[in-house]
Visitor: 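The structure that follows is given in the form of structure tokens.
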Amino acid sequence: MAIRAMIFIDGCWLYKGRQALFDKLNEKGFEIDYKRIPDIIAQTLAEMSGQEVDVVRTCYYGTIPVNKVGYNPVKQKVFYDFLSEQCGYEMDIMEIDFRKEPNALPDNKWVNANLSSAMTYYATIPGAYDVAILVGGDADYVPVLRRIRQIGKRVQLVAMNAMRGHAISSRTLVTATGSFDFPHIFMDEHAAEFRLQRESVRRKCMNCGKEEETTWGGEEFYCSDCRAKRARHIRVCDNCGKEEETTWDKDFFYCSDCRAKYRTGGAAELPAAEQAPAAEKEGAAAKATLAPTEPEA
């Protein structure tokens, strides 16, 4: 009888720990093959346990800032959609509203609490899973892992070894007694397996129709010329002189602060000829994102 396993991925930790995989293979341009993560983990656990492993669900936990001045979340949303639609992940993303939490930091605490509560919830549902597999590295998870085992479930850890003297995974977590039922899986020891292998194909740009050789596998494709035209760059606000990164390509430019003041009537009216609707500006910025690359979680 197959072991029913559920994978819980700490997206913030995985993003920040990717460098360990880069260093392991000493390669530039390394990309994680997110589609293969569940398969690699299941295969390794099957070898350890001597039983077939059925991954019933792969859950991904992350954060996304909303209403944050100067930040465009579109690229991050595209990446999350990619994980959901093309990798089959169940996404659980915590939105951080900077209007309510202006000093918030989208750090691991948000993700840790969300992941821990979900792991405990599923553990109480009969037959949901036999083994909880944590892909993470924070010591905060030790209490919940011990609690999961007390409920009668088994626990597996997917972590990373220290690289260049930097502990990617907490030693407290890795060495925690009474928290695990199987040897740890260290992603850096399987770096070559987690590496995304792309094949070069010829594709037509969705914007200009130009054909170009590419390894990009996403549904949407834009050629290098179109991507370069929409690249982010530093511009100086015509109103206050503040420098800000933007994709806005019109002759005039106003920073996010001045646009916000203008919308609320807190600043002098901008010259009529230079008033671009806020929605138009934001829409142009949104179109800058042309590929689901890995954003900071």
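Side chains are part of it too, since the values below use all heavy atoms of this structure and drop only hydrogens, waters and symmetry mates.
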Visitor: With rounding to the nearest 0.5 angstrom, report the OH to NZ distance, Y80 to K75.
Guide: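 So the gap between those two atoms works out to 13.5 Å.
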
Visitor: So Y89 and S84, do their side chains get closer than 4.5 Å, heavy atoms only?
Guide: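 They are not in contact (no side-chain heavy atoms under 4.5 Å apart), so the answer is no.
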
Visitor: Is there a donor-acceptor contact under 3.5 Å from the side chain of S116 to the main chain of A113?
Guide: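 Checked: no pair found.
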
Visitor: With hydrophobic residues grouped by side-chain heavy-atom distances under 4.5 Å, do V111 and Y121 end up in a single group?
Guide: yes

Visitor: Does a side-chain N-to-carboxylate-O contact under 4.0 Å join K242 and D257?
Guide: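 Between D257 and K242 there is a salt bridge, with a charged N closer than 4.0 Å to a carboxylate O.
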
Visitor: Compare all side-chain heavy atoms of I185 with those of M48 and state whether any distance is below 4.5 angstrom.
Guide: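 In short, these two side chains touch, coming nearer than 4.5 Å.
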
Visitor: Anything under 30° is parallel, anything over 60° is perpendicular, the rest tilted; go ahead and classify F194 against H190.
Guide: perpendicular

Visitor: Checking salt bridge (charged side-chain N to carboxylate O under 4.0 Å, His left out) between E213 and each of R202, K204, R203, which is the one that passes?
Guide: R202

Visitor: Shortest non-hydrogen contact from A2 to D130?
Guide: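 In terms of heavy atoms, the two residues are closest at O-OD2, 4.2 Å.
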
Visitor: Taking it one step at a time, do I3 and R154 satisfy side chain to side chain contact (heavy atoms under 4.5 Å, CB included)?
Guide: CA-CA 10 Å; I3 298 174; R154 288 180 286 176; 4.0 Å; yes

Visitor: What are the two closest heavy atoms between G127 and R4, and how far apart are they?
Guide: O-NE, 2.9 Å

Visitor: Under a plain distance cut-off of 3.5 Å, with no hydrogens placed, do N112 and Y141 share a side-chain donor-acceptor pair?
Guide: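 Yes, because at least one side-chain N or O of Y141 sits under 3.5 Å from a partner of the opposite role on N112.
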
Visitor: Is there a side chain to side chain contact (heavy atoms under 4.5 Å, CB included) between W110 and I96? Walk through the geometry before answering.
Guide: CA-CA 9 Å; W110 300 76; I96 303 176; 4.0 Å; yes

Visitor: Quick check for you: to the nearest 0.5 Å, what is the distance between D10 atom CG and K16 atom NZ?
Guide: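 Between atom CG of D10 and atom NZ of K16 there are 8.5 Å.
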
Visitor: Using a 4.5 Å cut-off on heavy atoms from C-beta on, say whether the side chain of P73 contacts that of I64.
Guide: yes

Visitor: Determine, stepwise, if the pair C255 / N239 fulfils side chain to side chain contact (heavy atoms under 4.5 Å, CB included).
Guide: CA-CA 8 Å; C255 69; N239 185 53; over 6 Å; no

Visitor: Could you grab the distance from atom CG of D138 to atom OG of S170, nearest 0.5 Å is fine?
Guide: 7.5 Å

Visitor: Considering residues at least two apart in sequence or located in another chain, which fulfil the side-chain contact (heavy atoms from CB on, under 4.5 Å) criterion with Q43?
Guide: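 For Q43, the residues satisfying side-chain contact (heavy atoms from CB on, under 4.5 Å) (neighbours in sequence not counted) are E47.
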
Visitor: Between S179 and R146, does any side-chain donor sit less than 3.5 Å from a side-chain acceptor?
Guide: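 A pair is found: one side chain offers a donor N or O, the other an acceptor, under 3.5 Å apart.
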
Visitor: Looking at every non-hydrogen atom in both residues, tell me the closest pair between S169 and V174 and how far apart they are.
Guide: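 Distance-wise, the nearest heavy atoms are CB-CG2, 3.9 Å.
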
Visitor: Return the NZ to OG1 distance between K153 and T124, rounded to the nearest 0.5 Å.
Guide: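 The distance works out to 9.0 Å.
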
Visitor: Would you call T58 and I37 a side-chain contact if the rule is heavy atoms closer than 4.5 Å?
Guide: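 No - every pair of side-chain heavy atoms lies 4.5 Å or more apart.
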
Visitor: L14 versus M187: any side-chain heavy-atom pair under 4.5 Å?
Guide: yes

Visitor: If every non-hydrogen atom of G17 is compared with every non-hydrogen atom of I168, which pair is closest and at what distance?
Guide: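 The answer is CA-CG2, 3.8 Å.
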
Visitor: At what distance, to the nearest 0.5 angstrom, does CG of L115 lie from OH of Y60?
Guide: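 Separation between the atoms: 11.5 Å.
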
Visitor: Are L45 and M1 co-members of a hydrophobic cluster defined by side-chain heavy atoms under 4.5 Å apart?
Guide: no

Visitor: How about Q51: does its CD atom have over 12 heavy atoms from other parts shown lying under 6.0 Å from it?
Guide: yes

Visitor: Does the gap between the ring centers of Y34 and F79 come in under 6.0 Å?
Guide: yes

Visitor: Quick one: CH2 on W13 to CG on L134, what's the gap to the nearest 0.5 Å?
Guide: 8.0 Å

Visitor: Looking at I133 and A5, what are the two nearest heavy atoms and their distance?
Guide: CD1-CB, 3.8 Å

Visitor: Would you say Q76 and P65 make side-chain contact, with heavy atoms under 4.5 Å?
Guide: yes

Visitor: Does a donor on one side chain and an acceptor on the other come within less than 3.5 Å for E212 and S224?
Guide: yes

Visitor: Provide the closest heavy-atom pair for T63 versus C12 in the form atom of the first, atom of the second, distance.
Guide: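 For T63 versus C12, the nearest heavy atoms are OG1-SG, 4.3 Å.
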
Visitor: Step by step, work out the side-chain hydrogen bond (donor to acceptor under 3.5 Å, both in side chains) result for R57 and Y129.
Guide: CA-CA 9 Å; R57 188 169 297 182; Y129 67 76; over 6 Å; no

Visitor: Apply side chain to side chain contact (heavy atoms under 4.5 Å, CB included) to F182 and V131, showing your working.
Guide: CA-CA 10 Å; F182 305 95; V131 180; 4.0 Å; yes

Visitor: Under the 3.5 angstrom rule, does the side chain of D33 hit a backbone N or O of R195 as a donor-acceptor pair?
Guide: no

Visitor: Charged N to carboxylate O under 4.0 angstrom, R149 versus D181?
Guide: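 Yes, R149 and D181 are salt-bridged.
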
Visitor: Got a sec: does the CD of E189 have more than 12 other heavy atoms crowding it under 6.0 Å?
Guide: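 It does: E189 CD has more than 12 such atoms within range.
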
Visitor: With a 4.5 Å cut-off on side-chain heavy atoms, are L145 and L173 touching?
Guide: yes

Visitor: If you define the side chain from C-beta out and look only at heavy atoms, does anything of V236 sit under 4.5 Å from F253?
Guide: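 When only atoms from C-beta onward are counted, F253 and V236 do not touch, as no gap falls below 4.5 Å.
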
